Amino acid sequence: MKKRLIGFVLALLVVMIPIGAIATVSHMTDENKSAVHHEEHQEKSIGSLIEGFYKQTGIYAIFNPQEGAKNALGEEMSTFHQSFGRIIMIGIAFLLFYLAIAKGFEPLLLIPIGFGGLLANIPLANIIGDHGFIGELYKAGIANELFPLLIFMGVGAMTDFGPLLANPKTALLGAAAQFGIFGTLVGAVALSQMGVFDFTLQDAAAISIIGGADGPTSIFIASKLAPDLLGAIAVAAYSYMALVPVIQPPIMRALTTPEERRIKMKTTREVRKLEKILFPLTVLVLTILILPESSPLIGALTFGNFVRESGVVERLSKTMQNELINIVTIFLGLAVGSKLAAEKFLVPETLGILLLGLVAFAIGTAAGVIMGKIMNKFSKEPINPLIGAAGVSAVPMAARVANKEGMREDPTNVLLMHAMGPNVAGVIGSAVAAGVLLSIF
Amino acid sequence: MVLEALKYMVLGMGIVFLFLYLMVVILNWQHKLVEKYFPQKEEPSATPSKRDKLKKVAAITAAIAHMKKSN
């Protein structure tokens, strides 16, 4: 045994020594070369070296904006966007962190988006440009609408459509709430006509989809119709979704009487497993027949849901609900954050987007509640109009708000399961609305 | 342009309602079909519950007997 070991070491030495010798020799020649290389640069004094380095610092870039300097994407930037604009945007990124951490507003998205925005405003680094890592993420998944669809797949795998199947007609509430989208479209176009804003029809459509209260759908549409406005649209959509418990209750209370809020609904029937398995296929077939333009969104949603309900591919379903959606959320957030670069975000349009987005949310909520009142009048079974407000998607936040408002009037009135019906129908509704907008433009 | 947007609104809301209304109709129809051709099997759920009840009764009587003895 010992002999073998010694033999092995000797053999190793025989091989290694020549390799080592060759390496040393070649290294020495390398050193010679670099010495020659070095001599060419020695003309610079230490002062000019330091000055040259100073010109590469963020301090210099922020305080000495240059006329006609280009951003990471090769477009010219104004001096304001190079200097104070960046500082303001970094402040906004910190505001997003504050909202996410201290207030708990959609932290899963606002943290990556905020950090993406922070990185996007670093001067000279070109992180969001061609070869910058966020720029590459943007090209890989937002420019071609891939990431929102993958998120939709995860949403499908996480959503239980049981409450909708138990009482299908509540889907009409989810349809009514989409009025927020189309009502705002008309409003935005009218305001542009009057000269308040300067939005094209495409821009107006991309903004009004915020009323669908669905992050991935908003990003999907914005990246197709108005990529320049994507940052503001995504931030508005996710912020307002987080603000649902603040925005919706006053509208819901204003449109309903206490008696209406106290209406109790029949307990929902039990839903069979077979119905749940058939549901995604039924919706997909309907999409194919009526609106193939929505089939990327609805296709991804129904695929995720089919994987969930089929019950035989637990592993895939778990992956979509957790790992896949988490990874894509990180990429999506960072890539959307790249649109928070000062020259894209600090433009007058952003204010208009934030304002119109809020209006879209409010109109959607109101339309859902009013539809709830109408259905309550004509339906045999009582329908609490509060659940109409859950028709704007924002799953499951909007349904929880409807439940909470019902409990305020009557603590024994549990509306959660009833509100989940219009809530999940709202997801399908906004995907259909998105398809309609895509088919127009 | 506003007129154009109004047309989009009518078309959009029309299609969203049509889609979801058709969905409602088809889902109700699907529910009926499922109930008709794949009726719920009631028996397997009923028998074990009877057996369970008996088991519970036995457990309770045993417990009472045990308590009486220990007293």
Side-chain angles (χ1 to χ4, degrees), chain A residues 161 164-179 181-194 200-201 204-205 208 269-275 278-279 282-283 285-287 289-291 294 298 367 425-426 428-433 435-437 439-441, chain B residues 1-68 70-71:
Chain A
F161 284 97
L164 177 63
L165 286 163
N167 194 359
K169 64 176 182 298
T170 56
L172 293 180
L173 297 168
Q178 307 314 316
F179 187 68
I181 297 177
F182 294 103
T184 310
L185 174 64
V186 175
V189 169
L191 285 175
S192 303
Q193 200 86 321
M194 286 192 283
T200 63
L201 264 174
S208 51
R269 71 172 172 89
E270 213 176 295
V271 178
R272 302 270 303 276
K273 192 166 180 276
L274 184 63
E275 283 180 83
L278 286 175
F279 174 77
T282 310
V283 173
V285 168
L286 202 58
T287 312
L289 294 180
I290 294 181
L291 196 62
S294 312
I298 293 189
I428 298 173
S430 42
V432 172
V436 174
L437 290 176
S439 72
I440 293 171
F441 298 111
Chain B
M1 218 158 82
V2 177
L3 209 72
E4 193 95 334
L6 274 171
K7 279 186 231 159
Y8 294 166
M9 184 177 88
V10 172
L11 177 79
M13 284 312 286
I15 290 177
V16 170
F17 263 102
L18 175 76
F19 188 96
L20 288 174
Y21 181 71
L22 274 177
M23 197 178 86
V24 172
V25 171
I26 292 173
L27 286 180
N28 281 326
W29 187 55
Q30 180 185 299
H31 174 59
K32 273 178 203 149
L33 278 183
V34 166
E35 288 301 312
K36 191 174 173 191
Y37 291 101
F38 303 93
Q40 194 116 37
K41 288 162 200 150
E42 295 285 334
E43 283 150 47
S45 67
T47 7
S49 81
K50 246 184 201 170
R51 221 180 266 162
D52 282 350
K53 267 183 194 166
L54 281 177
K55 271 183 191 167
K56 265 186 201 165
V57 170
I60 292 167
T61 27
I64 292 172
H66 183 75
M67 228 174 68
K68 278 182 180 168
S70 60
N71 280 343

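Proteins get letters first, then strands, A, B, ... in listed order; numbering begins at 1 in each. Nothing here was measured: the structure is a model prediction, and the numbers come from that model.
For chain B, the nearby part of A/Ile290 is the side chain; its heavy atoms alone come within less than 4.5 Å. Of the two parts of A/Leu191, neither the backbone nor the side chain holds a non-hydrogen atom closer than 4.5 Å to a non-hydrogen atom of chain B. The part of A/Ile440 that comes within reach of chain B is its side chain, from C-beta onward, which places non-hydrogen atoms under 4.5 angstrom from that chain. If you measure heavy-atom distances from B/Leu6 to chain A, the contacts under 4.5 Å come from both the backbone and the side chain. Residue contact with chain B, scored on non-hydrogen atoms closer than 4.5 Å, involves the side chain of A/Phe441 exclusively.
If you take CG on A/Leu185 and CG on A/Leu437, they are separated by 6.5 Å, rounding to the nearest 0.5 Å.
Of the listed residues (A/Gly174, A/Ala176, A/Gly187), the greatest number of heavy-atom pairs within a distance under 4.5 Å of chain B belongs to A/Ala176. The candidate with the highest count of non-hydrogen atom pairs below 4.5 Å against chain A, out of B/Leu33, B/Val24, B/Leu11, B/Val25, is B/Val24. With respect to chain B, the highest number of heavy-atom pairs below 4.5 Å among A/Val186, A/Val436, A/Leu165 belongs to A/Val186.
Of all heavy-atom pairs spanning A/Ala204 and A/Val189, the tightest one is CB-CG2, 3.9 Å. The minimum heavy-atom distance between A/Ile428 and B/Met23, with the atom names listed, is CD1-SD, 4.1 Å. Nearest heavy-atom pair, A/Ala433 versus A/Ile181, reported as atom, atom and distance to 0.1 Å: CB-CD1, 3.8 Å. For the residue pair A/Phe182 and B/Met13, the shortest heavy atom distance occurs at CD1-SD, 3.5 Å.
Looking at A/Ile298 and B/Phe19, their side chains come closer than 4.5 Å, going by heavy atoms from C-beta outward.
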Under 3.5 Å, which donor-acceptor pairs link chain B to chain A? Give each pair on its own line with the distance.
residue : atom : partner  : partner atom : Å
B/Gln30 : OE1  : A/Thr282 : OG1          : 2.8
B/Gln30 : NE2  : A/Glu275 : O            : 3.4
B/His31 : ND1  : A/Arg269 : NH1          : 3.3
B/His31 : ND1  : A/Arg269 : NH2          : 3.1
B/His31 : ND1  : A/Glu275 : OE1          : 3.3
B/His31 : ND1  : A/Glu275 : OE2          : 3.4
B/Glu35 : OE2  : A/Arg272 : NH1          : 3.3
B/Phe38 : O    : A/Arg272 : NH1          : 3.1
B/Phe38 : O    : A/Arg272 : NH2          : 2.6

side-chain contact (heavy atoms from CB on, under 4.5 Å) assessment of B/Ile26 paired with A/Val283
CA-CA 9 Å; B/Ile26 292 173; A/Val283 173; over 6 Å; no
Test log, rule side-chain contact (heavy atoms from CB on, under 4.5 Å), inputs B/Val34 and A/Leu278
CA-CA 10 Å; B/Val34 166; A/Leu278 286 175; 4.1 Å; yes
